[in-house]
Every structure is written in C-alpha cells, then in structure tokens.
Amino acid sequence: MDYNFLKKALLDKYFGFLNAMQREAVYTTEGPLLVLAGAGSGKTTVIVNRIANIVLFGRAATDNSVPENAQALIAPMKSALASGKPEYIREILKKCAVAPAAPYRVLCITFTNKAAREFKERLLSTLGESANDIWAGTFHSVCVRILRRHIDLLGYNNSFTIYDTDDCKKLITEILKELNISESALPPKMAMQSISRSKESDRTAHDELLDAGKDRLAHYIARVYESYQAKLKAANALDFDDIIMLTNRLFESHPDILDRYREHFQYILVDEYQDTNPSQSRLVALLAGKRRNVCVVGDDDQSIYSFRGATVDNILGFDREYGNAKIIRLEQNYRSVGNILEAANGIIKNNSSRKGKELWTEAEDGEKIRIVQLPTQVEEANFICETIAERVKKGAKYSDFAVLYRVNALSNSLETAFVKSRMPYKIFGGLRFYERREIKDILAYLSVIANPNDSVRLRRIINLPKRAIGEATVEKLATVADELNVNMLTVAENATAYPELSRAALKLKGFARLINELREYSEVNSLSDTVSYVIEQTGYRKMLAEEENGEEREQNVLELVSSAKLFAETSENPTLDEFLNELALVSDLDSYEEENDSVALMTVHSAKGLEFNTVFIAGFEEGLFPIMRQSSDSDSEEERRLAYVAVTRAKKSLYLLHVENRMLYGRSEFKQISKFAQEIPQSVCECRPLRKRSSTFGQSGSEMQESRSNYLENVRKSAQKEQKSIESFEVGARVAHVMFGAGEIISATPMGADMLYEIEFDNGSVKRLMGTYAKLKRL
DNA sequence: GCTGGACATTTTTTT
DNA sequence: AATGTCCAGC
C-alpha cells in the first residue's frame, strides 16, 4: 500500500463523521473557496474542522509528494487505520502533515459576538489550548484591534471612542440644526443611511459633493456627511462604518502595514458571507492579497439583511471576483424532516437571483405542515398555547417550541396568552440591556471621564440629572469650544472667562468640577467602584429613586456595577477604557442566556441560526409576511428568503398561522393568507378549517383599559393565585383522579410553572399528567 | 429652563 | 395601542 493512499484513507477515517461534500470543503485549504451551506447542513462543523485540518495537517490532504521518512511511517499508519482510534490516527497524521499553519495564522471572521464565541469554544474543544491563538472575531472587533495599533497614521488618537447608532443620530440631528436643514427636508434616518452607504463604498463627503450636482437633497446629505465626519474626528470617535472603512483606508495608504497583516494571516475564513457589505468584502480581498487563501461560507438563500447594507452580490459574485474559485455546495440537511424541507424548497425556488441549491435529507417525511386559519390574533395566540400544552402533556419540553413572527408588534397578543396560560416563555429582542436609557446615561458619564472630547456623550449628561443647564447654554458652550478649538469640558471649566456664558457660568463650573472629581476617583479606584461612585455622586441614583417607575431602572443601573465587577474579574486589563471598548461592540448582557425551559418568542430575523422541534409562524399573511411596502422585486425576494429561514428553523413540526381579522397598530384589518403558503406543495400540508371564536385566554375589553404592563402584571398575579390553589404533591402521595381512580405519585418533575406527575394507578396503569389539568385530589 | 399635551410613527438588527 | 418626540406656553 502506498504512502499517499494510506494517508488519504487515514484522513477520511479521521474526518469520517463528515459527508463527502463537507470533507471536500475541509480538505480544500488553498485558494479561494466558496462553501454554499444550506440551512442545517453542518456549516459550523465544516468551518471548525477545516481550521483544525489547516492547523494539524496543513496541505496533507491535497499534497501528493512522498517524504523521505515515508517508509518508516507506513507501518504505524497501517496500524492506526486498523485501530480506528481518532487520537491515534491524529498523532500519526500529524507526522504526515504538509506545512501545517500555526494557529495565529488563521483568521476567522463572523458577524456576531455570539457566533465568534461559539467558534472559539468549538475550536478549543477540538484543538485544545493552541486554539486560543486563532484570531476569531467579528469584522468590527478584528478591525478595532488593528486600528488601536495604527490609527494614529490616519490622524486619529489610538484611544478612540466608538459611537453607536444612537450617538450618531444625535450628532446628525445636531448638524441638521446647525446647517439649518429641517428634519422634514432631510430626515436624520435618511441622512444616516445615506452616509452609511457612502462609507460602505469608501466614498468621502468630497466624492459625494462632486456627484451631487444640482440635486438639492444629495447636496444637503454631502454637507451633513462632511460636518459629521469632522465632528466625529474632533470627538476622537468612530462610528461602526468608520471601523471598517478606516481599516481599509489604513491598508490602502500604508502598504507596509498591509503587508505585515497579509504575512500574518495566511488563512482567512468568513462566516455568513451573504451578510457582508461592499467594504467588508473589500477588506477581505485586501487581507487575502495574492495568496488568496480565502474561504467564505454562507447561504445566498438566507440573506436577510440587505436593509442594513448587506449585499447578496458579494456571495453571488465571489467566483467572478476570485477567478477559478472552487464552489462546494452543502445540500444535505441534518435538521429537518422531509416535509419541512420540501416546503422550504418549494418556497425558495421561486427566487431568481440565487446560486441554486436543493436541500435533501435521509430523515423520514414526518408530520405534515399544518396551515391553520383562526378568526383573530386572540384565537391565534390561544391556539398556539393550547397546542403547546397538549404536546407538553405528551412529553415535550417548553424549550422545544418557538413562535416566530415578522414584526415585534405581534408579540403583545402572544404574550397575553402565554401569561394567562401560565406557560413559561421568553421574548427575545426588543430593547437590549445596553440600549436602555439609564445604562446609556451612566456609560455616557464614564465615556466623558475617559475621553473629555466626547461631545455627544457630554451633551447627553450635562443636564442629567437636571442642573439648570439648558439647551441654549449648551449651544453657546459648543460654539465657544468650536471657535477656540478645545473641548466643551474645558470651556465649562473656565466658564467665567466668557461673557456669553456668564449667566450659567457657576453651573457649568460645577459640572466640570464634578467630572474632574469623578475622573480623579476613577484613577485610584477599581472599575466597579468607579461605576457605583458615578451612579451616586452624579445624583443619578437619587433621580431614579424619585422617578415614578424608577425601580426597574435602578435595578438595571446596579446591574451595570455587577457587569463591571464581572469584567474586572475576567479581563486581563480591567481599565475603564477597556471596559467601554468592550461594551461598544457588545450588544447584550451575555450572562442572561440562562438555560431555562421556556417557549421562545422572536422575530424571524433573530431566529436565524437557531432550531426548534416545533415552530409556529404567526401572522403568515399578505401585508405582514411578506410585509407590505413599496415592493420592488429584490424586496420581495428578500421576504421570500425570510420565509425560507423561518420554515427551516423547524426540525419536526411546523404550524403556519393566519387570521381572518387582525388588529395591528390600532387598526383592524381583514387578512389574506401569505402568498408563500401557495408555494408549498399541497402534498406536504394539511389545512385546518377556521376555528370558532373562543375566549379561553382572550383579553376582554375592560381588561385592556389598563396599561399593558399593569394588565400583564395582574394577569400574572391572578394566575399565580390560581396556581397556589392547585395543590402540589410529593412522591409517594396517594391521590385520586376523576377518571383513573386512586393512585400513587411515583415522580414529580417541575415543568415551567406546572408539575408533571407520573402516577401509578391502582388498576395497574401508569400515566404522566400535568398538575394543572389532572385535577388531582389528595387521599 | 421645564412641563404637558399634541403629534407622528410603528420591518427586520449587529456592530 | 403604545411609545417616543416636538413645541407651545408657563
């Protein structure tokens, strides 16, 4: 047996848990590679193992040379093959490795921190400690790391601040005022979007101004852009688009630095490539250089973020941009049952701009897809709860279920039904921790302490809590600062020196003193102490305490102290700067991901990448899904992709719900079933007739008089009271059931708010019953 | 400078 | 229906 044959056999054995296509992707280490990974096709496994292959065995799979020590290796290779033990095979194969790459030479780019974390974890478990050297992060985190080192070459300070969308909007609004452009002539949102698109194509304000010509609006936008960029720079701040754009600019203007990174990163992987925008794909191309060891993974059919600048063209045109790129399709699905895949294929094949894939599975056909019509959203929500209750009774867990919808507004009626039925649920999305007003306020204080040039954050907190520093004063302050080319805090400090500020001078000085005191405190105290000092010393806590519904906000603010404590414990360098830096690129409190057994409620967008045994799609109606708007072809194709994503979340069963009459945004409308329902082959669905009106868990008019949060709170309380009145039983207790007679509890398992009892009845039968429904009596 | 009521707005969301 | 934003009037 020859060396290379054996080597190949060992590799195939080592990666034997992969299918042929997946293995092909793992083996292809050199040159541009596009992996079109269908939903549920084992994409993450492929990326992780491809990296493992690069690091452990290098080009062994494709190299056919025979090393000098080949003869000596043959015997151990044979015995490894015969043994079939992965650890043994791995050790032998490492001896056959051809130019394996050091872990730090691999760059793995993802879109979310969550995905990056997942990769790191899985790499750690396959490769061990050495996996820590692999650069795995989001586009933004990777670029920030690079910019922190070199951005001074572009005239910024290396300790720049990162502005989020909210900060940027404030800045834009401020500029519009300054330029005397009314918000109706140019809505800030539109300006932001425009500037964002410009930055994504690396176009400067100057470029836009030249192109604007006589177009008044384009002219406005260009001028806003110009001022916006200048103000960001003055505040030593970058927005999210700058992070990518400036990295590109750094590389383009400093080839020596680019060369260093090109040399460093020999292998580049990009996950979710269908979600990249033009500047991100340019960055990848720049880093790839002539070596072009770029592997992009994605699914053109799951591109659902074009509204924020992602372009399917990146993935569709990958093989054009990288001549002779290899394309591998992963079409075998390991997630869903046959009928669900057939439905998904049926929907997506109506799109024209796609590479073309057809999912298949070895799994059985499974249940038919249930298309259910109900009178209103109240019955819709009840139907979902009742169905879940039934299935839980049969042994399912609450966490096996998800309810997906196109818009967050649908979550309200669903939530009501869940509260009433006492079923554990969790609504994902909505306002995130770091986006809460109170959190942003405290972070604004911390930002100003860390970077006194941060004018947007300074404006945010200068009069919060109220210090009698009004808008007019702030404007004057900004003007003076602008003229003298110093920051606003410095002007405030010396307010008495400027006649135009005389009236508020004392207040301004007081504010400046406060900030300076906070800074001094932060320099000698721990991070978490600083955070709580800020909360107290600024009077913010007191302000919340006096607010009507301030308790929750107070809790959140205190939560920020624990979050700082946690950061101090886990970070190598727990400075204020590092803390703010970390938070700027993190969207939510990660520790909140506790594994509790509850039904998941979320938008289709946030469900991407997740899977559930049973999925309910609520509001599968024309005008809602696909959503109504001035539809262009590309928009309607994106809606279809969204439907495809929704359907492919389901593993075993899928319910598509639509109602006759829906109340949304205060209007009641008659609804037709979604056009996508007709694209699902008849053979895999089952339609349920319209259900009669029922109001088991429905909200009555009088109940809805109250505010929503009060209403839910009351419902919860009465549900709890009822819960208490239902007796609970311990193992061994004797109970009576209306139908089955007397029996003994043999097990009791908490299920959300309910208990699941296993009862052995005296007639010999053993039944599993939910406490709520069984109506048991103690004997 | 602050407050209350009119008024508009409401796809999706990460960084 | 619910919520945030804006502006007029105090």
Side-chain angles (χ1 to χ4, degrees), chain A residues 109-116 137-144 162-170 173 177 182-184 187-189 196 200 238-244 272 275-277 279-280 303-310 377 404-413 416 428-432 434-435 437 463 465-474 503-504 507 581-588 602-609 619 623-631 635 638-639 641-643 645-646 663-668 699 701 704-711:
Chain A
I109 305 179
T110 60
F111 262 85
T112 62
N113 293 303
K114 188 170 160 235
T138 62
F139 269 103
H140 291 85
S141 71
V142 169
C143 288
V144 165
I162 298 166
Y163 275 3
D164 69 13
T165 321
D166 196 58
D167 301 318
C168 296
K169 195 176 168 210
K170 289 208 159 109
T173 316
K177 230 177 247 162
S182 82
E183 291 196 11
S184 51
K189 261 192 182 167
S196 208
E200 278 158 12
L238 308 190
D239 66 15
F240 289 130
D241 298 311
D242 283 337
I243 292 173
I244 314 290
E272 306 280 16
D275 290 338
T276 51
N277 64 36
S279 73
Q280 288 164 332
S303 160
I304 55 174
Y305 283 108
S306 74
F307 67 91
R308 63 177 202 219
Q377 73 262 26
L404 309 183
Y405 33 82
R406 178 67 242 264
V407 299
N408 279 314
L410 289 204
S411 66
N412 274 359
S413 53
T416 307
F428 292 81
L431 79 161
R432 285 180 292 269
Y434 292 113
E435 265 160 34
R437 200 182 66 209
N463 197 30
K466 300 256 148 52
R467 299 190 177 89
I469 300 173
E471 211 177 320
T473 307
V474 176
R503 199 185 305 175
K507 312 273 182 204
N581 187 19
E582 164 110 352
L583 295 195
L585 294 178
V586 161
S587 65
D588 215 338
M602 63 182 95
T603 64
V604 180
H605 280 91
S606 22
K608 195 173 139 198
L624 193 53
F625 199 170
I627 203 151
M628 204 254 304
R629 46 129 102 93
Q630 314 79 315
S631 64
D635 285 344
E638 179 138 326
E639 290 295 311
R641 291 193 291 266
L642 211 39
V645 169
M663 180 83 129
L664 196 63
Y665 303 131
R667 267 196 314 277
S668 166
Q699 54 263 72
M704 287 313 276
Q705 299 287 312
E706 316 164 60
S707 85
R708 188 169 171 79
S709 60
N710 276 339
Y711 168 68

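In this text the structure is predicted, and so the values were computed from the model without any measurement. Below, chain A is the first sequence line, B the second, and so on; all start at residue 1. Quick note: numbers below take in every heavy atom, side chains included, and nothing from hydrogens, waters or symmetry partners.
Taking the salt bridge (charged side-chain N to carboxylate O under 4.0 Å, His left out) definition, one finds that A:Asp164 meets it with A:Lys440, sequence neighbours left out. Looking at residues two or more places apart in sequence or on another chain, you find a salt bridge (charged side-chain N to carboxylate O under 4.0 Å, His left out) between A:Lys177 and A:Glu471.
Place A:Ala468 and A:Phe240 on DNA chain B by their nearest nucleotides, and A:Ala468 ends up nearer the 5' end. The residue among A:Glu435 and A:Ile469 whose nearest nucleotide of DNA chain B is located toward the 5' end is A:Ile469.
Separating the CD1 atom of A:Ile109 from the C1' atom of B:dT15 is a distance of 14 Å, rounded to the nearest angstrom. B:dT15 atom P lies 10 Å from atom CZ of A:Phe111, rounded to whole Å. Rounding to whole angstrom units, CD of residue A:Glu183 and P of B:dC7 are separated by 18 Å. In this structure, the CG atom of A:Asn463 is 14 Å from the C1' atom of B:dT3, given to the nearest Å. One interatomic measurement links the two molecules: CG of A:Leu410 to P of C:dA2, which rounds to 15 Å at whole-angstrom precision.
Of the listed nucleotides (B:dG1, B:dC2, B:dT15), B:dG1 has the atom at the smallest distance from the side chain of A:Thr473.
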Could you walk me through whether A:Leu642 and A:Arg406 pass the side chain to side chain contact (heavy atoms under 4.5 Å, CB included) check? CA-CA 9 Å; A:Leu642 211 39; A:Arg406 178 67 242 264; 3.3 Å; yes

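A:Ala584 comes within contact range of no nucleotide atom at all, as no heavy-atom separation falls under 4.0 Å. No contact: A:Gln280 has no heavy atom under 4.0 Å from any strand. Within 4.0 Å (heavy atoms only), A:Asp239 reaches no atom of the nucleic acid at all.
A:Phe111 places a side-chain heavy atom less than 4.5 Å from the side chain of A:Thr276. At least one side-chain heavy atom of A:Ile304 sits less than 4.5 Å from a side-chain heavy atom of A:His605.
In this structure, A:Arg667 is not positioned above the aromatic face of A:Tyr665 in the sense of NZ or CZ being under 6.0 Å from the six-membered ring centre and within 45° of the axis.
Side-chain atoms of A:Asn463 come within 3.5 Å of backbone atoms of A:Ala468 as a donor-acceptor pair (strictly under, hydrogens ignored).
The phosphate of C:dA1 has neither OP1 nor OP2 within less than 4.0 Å of any side-chain N or O from A:Asn412.
Between the side chain of A:Thr112 and the base of B:dT15, no donor-acceptor pair under 3.5 Å is found.
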What string of B, S and - do you get for nucleotides 8-13 of chain B 5' to 3' if you count protein non-hydrogen atoms under 4.0 Å? --BBBB

